[in-house]
2 protein chains.
Amino acid sequence: MTGQVRTVDGRVAGRRGQATRQKLLDCLSEMLSSSPYRDVKVIDVARKAGTSPATFYQYFPDVEGAVLEIADQMAAEGAALAGLLEGRSWVGKAGWQTAQELVDGFLEFWRKHDAILRVVDLGAAEGDKRFYKLRMKILNSVNSSLADAVAELQSRGKVDKDVNPAAIAGSLVTMLAAVASHQKGFSAWGVKPPELRPNLALLVHLGVTGKKPSR
Amino acid sequence: MTGQVRTVDGRVAGRRGQATRQKLLDCLSEMLSSSPYRDVKVIDVARKAGTSPATFYQYFPDVEGAVLEIADQMAAEGAALAGLLEGRSWVGKAGWQTAQELVDGFLEFWRKHDAILRVVDLGAAEGDKRFYKLRMKILNSVNSSLADAVAELQSRGKVDKDVNPAAIAGSLVTMLAAVASHQKGFSAWGVKPPELRPNLALLVHLGVTGKKPSR
DNA sequence: ACTTGTCCTGTCATGCCGTCAGCTTACCGA
DNA sequence: TCGGTAAGCTGACGGCATGACAGGACAAGT
């Protein structure tokens with residue numbers, strides 16, 4: 001099922017090749033964290049990995065291609081985010097708990113992968129379908145769970161009829177993602193991370209249920 | 001007060017020079033809309049402007065420098081966003097109106113400047129202070145108005161004591177900005193722009209007042 | 001026409017990109 | 001043990017963008 005790893009010119013990669021490939025990915029990942037996306041050069045990645053630029057091009061068509069690969073690995077890990085909402089309740093104190101844990105998990109995931117997620121976000125915003133699909137893949141698990149929760153509350157008459165669950169869920173997820181990547185910006189507004197979290201959870205809870213949480 | 005426009009080597013720019021400079025900025029702006037940030041080259045911008053790369057470097061240290069210039073012009077225009085909240089009420093039907101108009105104005109502004117705002121967002125997320133300050137400058141007007149509104153409702157006991165106005169306002173503004181730049185993503189979730197707007201307004205209203213709007 | 005200061009570009013050294021041919025290394029079957 | 005074969009890597013090269021400079025074109029005032 002997992003298609004074999006192949007080089008650009010079609011050969012299948014063996015043990016050593018895969019190791020080199022992974023090392024290049026790791027080094028690229030590191031470079032993305034330490035320097036602006038625009039300034040990341042193939043030659044620097046290759047140097048850092050102790051190999052030559054030509055080797056890089058053996059495994060990836062270009063920097064973008066390698067970034068997609070990293071993002072893909074991360075997306076797989078991101079599926080775990082759905083677990084934050086699996087079988088959770090949005091009613092009463094449990095609802096407040098759910099909101100808080102969702103926010104925590106989300107911020108944590110984003111902080112861990114911030115460099116690569118920045119690039120994915122940019123690519124998606126620029127209209128590149130590959131990045132855009134990848135972004136979906138990561139957010140979709142959380143998004144659809146949230147949308148389901150809203151729709152369910154709606155069907156029980158606890159949320160107004162004219163609310164669009166997908167729109168609400170999408171907006172909340174987008175908010176979490178954006179706030180996570182601009183956490184530093186909040187310090188400048190005088191908001192420290194520990195203060196941010198409960199307020200975000202409040203917004204999520206309000207958005208999903210339409211009500212203030214009971215703590 | 002408006003410091004004279006200067007070339008990189010310190011000369012003051014005359015009328016013709018300023019025109020060339022502005023033309024370069026316009027062409028860069030256009031390129032940013034049509035191709036990925038990473039692929040925008042000085043030589044292309046110069047060609048499009050009917051001039052040479054050397055001319056570009058006479059007015060700007062690099063692409064980034066020119067982008068900052070464009071963003072600065074836009075930030076000035078962005079101050080108008082504050083007007084969307086000037087003297088507005090968040091109570092009753094007027095509150096719902098306020099939320100809707102804020103969302104509309106915000107989405108409109110973002111759509112108009114999406115290309116440059118993408119780059120500013122990236123720069124800010126990467127930790128570049130210049131971009132980061134610029135982003136603040138644009139968002140601050142709206143953000144502080146919103147925070148004031150929350151604080152005022154809070155002082156009248158209409159909002160819980162333990163809410164942090166700045167955190168709520170910042171999160172909402174960040175949400176609006178992010179949703180605006182990923183509007184296309186919502187279509188893929190089956191949410192069309194016209195459906196998006198009222199739901200965003202709902203979230204803003206909920207966030208600011210803690211209550212559902214009365215329509 | 002001459003001077004002055006602004007404005008633009010030809011040119012050049014430097015460095016990265018992306019490709020290829022060819023060398024080295026590892027594995028495998030006889 | 002010994003080729004044979006495919007994987008793995010790199011030096012080298014043409015092409016292009018970068019960024020700096022010096023010098024020429026141009027407009028305005030005298």
Side-chain angles (χ1 to χ4, degrees), chain A residues 2-28 30-32 34-69 119 123 130, chain B residues 2-32 34-69 119 123 128 130:
Chain A
T2 59
Q4 280 180 314
V5 179
R6 287 182 175 277
T7 58
V8 166
D9 55 338
R11 287 200 305 261
V12 295
R15 215 195 346 249
R16 187 155 69 115
Q18 294 206 22
T20 306
R21 200 182 119 101
Q22 190 58 49
K23 184 161 199 176
L24 284 167
L25 287 178
D26 292 344
C27 290
L28 171 56
E30 218 176 309
M31 298 235 64
L32 286 175
S34 61
S35 49
Y37 179 45
R38 203 169 192 282
D39 298 343
V40 171
K41 308 288 180 198
V42 169
I43 198 170
D44 296 322
V45 177
R47 260 201 283 265
K48 197 185 245 287
T51 180
S52 81
T55 301
F56 182 95
Y57 287 106
Q58 196 150 55
Y59 294 105
F60 310 103
D62 49 23
V63 173
E64 225 187 21
V67 166
L68 279 166
E69 193 72 22
V119 180
R130 297 166 304 170
Chain B
T2 60
Q4 279 180 314
V5 179
R6 288 183 174 275
T7 58
V8 165
D9 54 336
R11 282 202 310 261
V12 295
R15 200 179 308 131
R16 189 154 69 114
Q18 294 207 23
T20 307
R21 199 181 121 101
Q22 190 58 49
K23 184 161 200 176
L24 284 167
L25 287 178
D26 292 344
C27 290
L28 171 56
S29 210
E30 218 176 312
M31 299 237 65
L32 285 175
S34 60
S35 48
Y37 179 45
R38 205 168 191 284
D39 297 344
V40 171
K41 306 289 179 198
V42 169
I43 197 170
D44 296 322
V45 176
R47 260 202 284 267
K48 197 186 243 291
T51 179
S52 80
T55 300
F56 182 97
Y57 287 106
Q58 196 151 52
Y59 294 107
F60 311 103
D62 49 24
V63 173
E64 223 186 23
V67 166
L68 278 166
E69 192 71 23
V119 180
D128 185 311
R130 298 167 302 170

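The basis for the numbers below is simple: all heavy atoms, side chains too, and nothing from hydrogens, waters or symmetry mates. If you're wondering where the values come from, they're calculated on a predicted model, not measured in any experiment.
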Q) Where along nucleotides 4-9 of chain D does protein come under 4.0 Å, by heavy atom, of base (B) or sugar-phosphate alone (S), with - for untouched nucleotides? A) ---BBB

Q: Produce a footprint string for nucleotides 14-19 of chain C: one letter per nucleotide, 5' end first; B if the base is under 4.0 Å from any protein heavy atom, S if only the sugar-phosphate is, - if neither.
A: --SSBB

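Nearest heavy-atom pair, B/Ser52 versus B/Ala46, reported as atom, atom and distance to 0.1 Å: C-CB, 3.5 Å.
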Q: Start with the C-alpha distance between A/Lys41 and A/Asp44, add both sets of side-chain angles, then the distance that settles salt bridge (Lys or Arg N to Asp or Glu O under 4.0 Å), and finish with yes or no.
A: CA-CA 5 Å; A/Lys41 308 288 180 198; A/Asp44 296 322; over 6 Å; no

Q | salt bridge (Lys or Arg N to Asp or Glu O under 4.0 Å) between A/Asp26 and A/Lys23, intermediate numbers included | A | CA-CA 5 Å; A/Asp26 292 344; A/Lys23 184 161 199 176; over 6 Å; no

Q) How far apart are the C-alpha atoms of A/Val67 and A/Leu32, what are their side-chain angles, what is the distance that settles it, and do they pass the side chain to side chain contact (heavy atoms under 4.5 Å, CB included) test? A) CA-CA 9 Å; A/Val67 166; A/Leu32 286 175; 4.2 Å; yes

Q.
Checking A/Tyr57 against A/Val8 for the side chain to side chain contact (heavy atoms under 4.5 Å, CB included) test, could you report, in this order, the C-alpha distance in whole Å, the side-chain angles of both residues, the deciding distance, and whether it holds?
A. CA-CA 7 Å; A/Tyr57 287 106; A/Val8 166; over 6 Å; no

Q: Take B/Arg130 and B/Glu64 through the salt bridge (Lys or Arg N to Asp or Glu O under 4.0 Å) test and state the conclusion after the steps.
A: CA-CA 10 Å; B/Arg130 298 167 302 170; B/Glu64 223 186 23; 2.9 Å; yes

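When rounded to the nearest whole Å, the span between CZ of B/Phe60 and P of D/dA20 equals 15 Å. Here the C1' atom of nucleotide D/dA20 and the CZ atom of B/Phe56 are 15 Å apart, to the nearest Å.
Looking only at side-chain heavy atoms (C-beta outward), A/Arg21 and A/Thr7 stay at 4.5 Å or farther from each other.
For A/Glu30, the side-chain hydrogen bond (donor to acceptor under 3.5 Å, both in side chains) partners at least two apart in sequence or on another chain are A/Lys48.
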